[in-house]
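Order of listing sets the numbers, starting from 1, for every ligand and every atom in it. We use all heavy atoms of the structure for the numbers below, so side chains are in, but hydrogens, waters and symmetry mates are not.
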Amino acid sequence: MMMTPLQKYLSATPAESVSPAFVSWLSALQLVAGEAPGVARAVVRELAAQRSHLKLIASENYCSHSVQAAMGNLLTDKYAEGYPAHRYYGGCENVDAIELRAAKEARELFGAEHAYVQPHSGADANLIAFWAILSARVEEPALSRLGTADLNRLSDAQWETLRQELGSQRLLGMDYYSGGHLTHGYRQNVSARMFRAATYAVDKESGLLDYDAIEKQALDFKPLILLAGYSAYPRAINFKRFRAIADKCGAVFMVDMSHFAGLVAGKVFVGEENPVAWADVVTTTTHKTLRGPRGALILCRSEFADAVNKGCPLVAGGPLPHVMAAKAVALKEARRPAYRAYARSVQRNARALAEACMREGLAVQTGGTDNHLLVLNVAQTHGLTGRQGESAMTQCGITLNRNSVPFDPNGAWWTSGLRIGTPALTTLGMGTAEMEEIAPLIRLVLDGTKPAPSEKGALSKSKIALDGAAQKVAQRRVSALLGRFTLYPELDLAFLKSSFLR
Ligand code: DSN
């Protein structure tokens, strides 16, 4: 009888050397391949791709096998709309236990009064947070004025007045081009459509947040919500100062710490730099520096707890119990001393990489970094768009993403910048010595890249001419570097390929 891949592996491996993680992978892939061989092939190819590319995407990481295992099971079968002990479905006792565990881990890790671990993504978490704040600060007072707690008792005219009031509130967040996120009031996003949204930009010269200017703008604009946080700002933020601004203008202070939650969890950002100590509501994804499953959570002061708990049905659909289980595992991992060491190393590596890039003559925005990311202006040094830089890097085995720089003349699509992060490489075990190798590698690729003419003869914003010799050298260096830091080394890729890519 033909042996299955799992049987083959077990028969050829001494019992003491069997890897539980590899057994789990083989078992899962065998089951998947039985139904959908193409999906199993894609999973193996993704492992191969991630192993052979230097991951510099600031918002990605590699989570543990325990986190992955918590996600891949029957918990996905359960509906649990509502929140623990307040569900719209029966039989939720085990999901309650999981959700309560994840929320407790989150509260204790971050020192928060309340945690809500259901959001599926950072965008969902922000939307839930916005509506929870609107509920607590606009809807509840309106209902109390009208003498009822029940929306369904409002007349059509009263409901319409309340809807108008909810829809006329103000949000002040960081400008997208300064490093803010789409969901912080960018016109293409619902956040700018549900709020009257304004944004604050970084200082044109320094590229840094100017707190005095933000204060002035906030006092003029008087937002309901003052929002701090970013996707591509390389510096620490003084949240104590933001709190004072929010208090002065009477705003609810909200922080989206999706990018740097790992640095907060790992106690790199403490005191004035710890948003949880100063904000009313804090949102974060769980898969970036935090190194958990793809998803998000909300932390808040008790005042907003009831409103946040109503994320479903207010905004979100049913929670994902399997992902909440994985969040519980990841949050527990983040409480270990090893995670603190990791977080410090993420920041140390980013600083080392920024300094090495500057020594290479590259244009590092703000002249360095305090967190896990840096932004290079490749238009300034190489006359390339960010998109061209991104494409050249990809062709050399380096994955990163293009990003606008402040006041970017190339707009949000082509951009002038490259955003570079160290969370994933740090998880692989790389340190400052490797950052010293990576900076010249980035320079080599950029030096070997020229904008190619478009069909009309003008220089294209997307097409590139990549020097073949530079590309070969870069690819060799990437392979050599990754050969020393194998992703998930216990997974035998050759065996997986021979079993599933035939
Ligand atoms: N996609 C995330 C990032 O890369 O920053 C946020 O949208």
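The shortest contact between atom 2 (C) of ligand 1 and any protein heavy atom is with Lys288 CE, 3.7 Å. Distance from atom 6 (C) of ligand 1 to its nearest protein heavy atom, with residue and atom name: His181 NE2, 3.2 Å.
At least one N/O-N/O distance between Ser59 and ligand 1 falls below 3.5 Å.
Taking every non-hydrogen atom of Ser231 and a distance limit under 4.0 Å, the qualifying atoms of ligand 1 come out as 5 (O). Every atom of ligand 1 is numbered from 1 in the order shown, and the set under 4.0 Å from a heavy atom of His259 is 3 (C), 5 (O). Residue Arg419 approaches ligand 1 through these ligand atoms, each under 4.0 Å from one of its heavy atoms: 3 (C), 4 (O), 5 (O).
Under the 30°/60° scheme for interplanar angles, the aromatic rings of Phe260 and Tyr230 are found to lie parallel. Using cut-offs of 30° and 60° for the angle between ring planes, the Phe242 and Phe253 rings count as parallel.
In this structure, Lys327 does not pair ionically with Glu105, as no charged nitrogen and carboxylate oxygen lie closer than 4.0 Å. Salt-bridge formation is not detected for the pair Glu355/Arg351: no Lys NZ or Arg NE/NH1/NH2 atom is positioned less than 4.0 Å from an Asp or Glu carboxylate oxygen.
At a heavy-atom distance under 4.0 Å, no atom of Glu60 approaches ligand 1.
A donor-acceptor pair under 3.5 Å links the side-chain atoms of Glu434 to the main chain of Gly431, judged by distance alone.
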Checklist entry - Yes or no on salt bridge (charged side-chain N to carboxylate O under 4.0 Å, His left out) for Arg335 and Glu108, after CA distance, side-chain angles and deciding distance? => result CA-CA 9 Å; Arg335 290 175 66 187; Glu108 290 180 0; 3.0 Å; yes
